[in-house]
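Keep in mind that what you see is a predicted model, and the values were worked out from it rather than measured. The analysis underlying the following values was restricted to heavy atoms, covering all of them including side chains, and did not include hydrogens, waters or symmetry mates.
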Amino acid sequence: MLVIRLLCIVIFASLSVYTAPVLMAEPNLFPAFFGAISGGGWQGQFNLDFLLMLTLSGLYIGWRHRGSSGGLALAVVAFLGGAMFLSVYLFVQSFRCNGDVRKLLVG
């Protein structure tokens, strides 16, 4: 569990450092993101793959919380927040489940 927690910290920290200047330079990601998808090519394929991974992440969070209103709210945040959100979520949940991986994954 220590490795998972450390990985979550590294993911959150590295994404925070990378995202801050990018967000300052280009605050609206949607035209570039969906433009690449509609344009085809590898960048579009990567963006579509990422979009589908965000969808799975949101569905997983919603399912893990059994469709409760809080779980659905977290699902939306997971979809929009990506790995930055998921790293914090898994870090917190790893303590809430006392390091039990089954509880961490299944809820």
Self-check item: Contact summary for L104 and S94, nearest pair of heavy atoms
Solution: CD1-N, 3.7 Å

Quiz prompt | Distance in Å, R5 CZ paired with L7 CG, rounded so as to fall on 0.5 Å steps | solution = 13.0 Å

Quiz item: Which other residues end up in the same hydrophobic cluster as V22, if Ile, Leu, Val, Met, Phe, Trp and Tyr are linked when side-chain heavy atoms come under 4.5 Å apart?
Solution: Y18

Exercise. Would you mind listing every ring pair (Phe, Tyr, Trp, His ring centres under 6.0 Å) that reaches into residues 48-96, with sequence neighbours excluded?
Key: H65-Y89, F85-Y89, F91-F95

Quiz prompt | Within-4.5 Å side-chain heavy-atom neighbours: F34 and N47 | solution = no

Quiz item: CG/L90 to CE/M1 distance, rounded to the nearest 0.5 angstrom?
Solution: 9.5 Å

Quiz item: Which pair of heavy atoms, one from M84 and one from S16, lies closest together, and at what distance?
Solution: CE-N, 3.5 Å

Quiz item: About how many Å separate CD1 of I61 and CD of Q93, when rounded to the nearest 0.5 Å?
Solution: 7.5 Å

Exercise. Find out if a path of hydrophobic residues (ILVMFWY) with successive side-chain heavy-atom gaps under 4.5 Å connects F33 to F30.
Key: yes

Quiz item: Same cluster or not: are L52 and L59 linked, directly or through other Ile, Leu, Val, Met, Phe, Trp or Tyr residues, by side-chain heavy atoms under 4.5 angstrom apart?
Solution: no

Quiz item: Should L51 and L80 be counted in the same cluster of Ile, Leu, Val, Met, Phe, Trp and Tyr side chains packed under 4.5 Å apart?
Solution: yes

Exercise. Please answer: with hydrophobic residues joined when any side-chain heavy atoms are less than 4.5 Å apart, are L105 and L2 in the same cluster?
Key: no

Quiz item: CG/L15 to OG/S87 distance, rounded to the nearest 0.5 angstrom?
Solution: 7.0 Å

Self-check item: Spacing of OG1 belonging to T19 relative to CZ belonging to F12, to within rounding of 0.5 Å
Solution: 9.5 Å

Self-check item: same_hphob_cluster(L29, L54) at 4.5 Å side-chain heavy-atom cutoff
Solution: yes

Quiz item: Can you name the nearest heavy-atom pair linking S57 to A78, along with the distance?
Solution: OG-CB, 3.8 Å

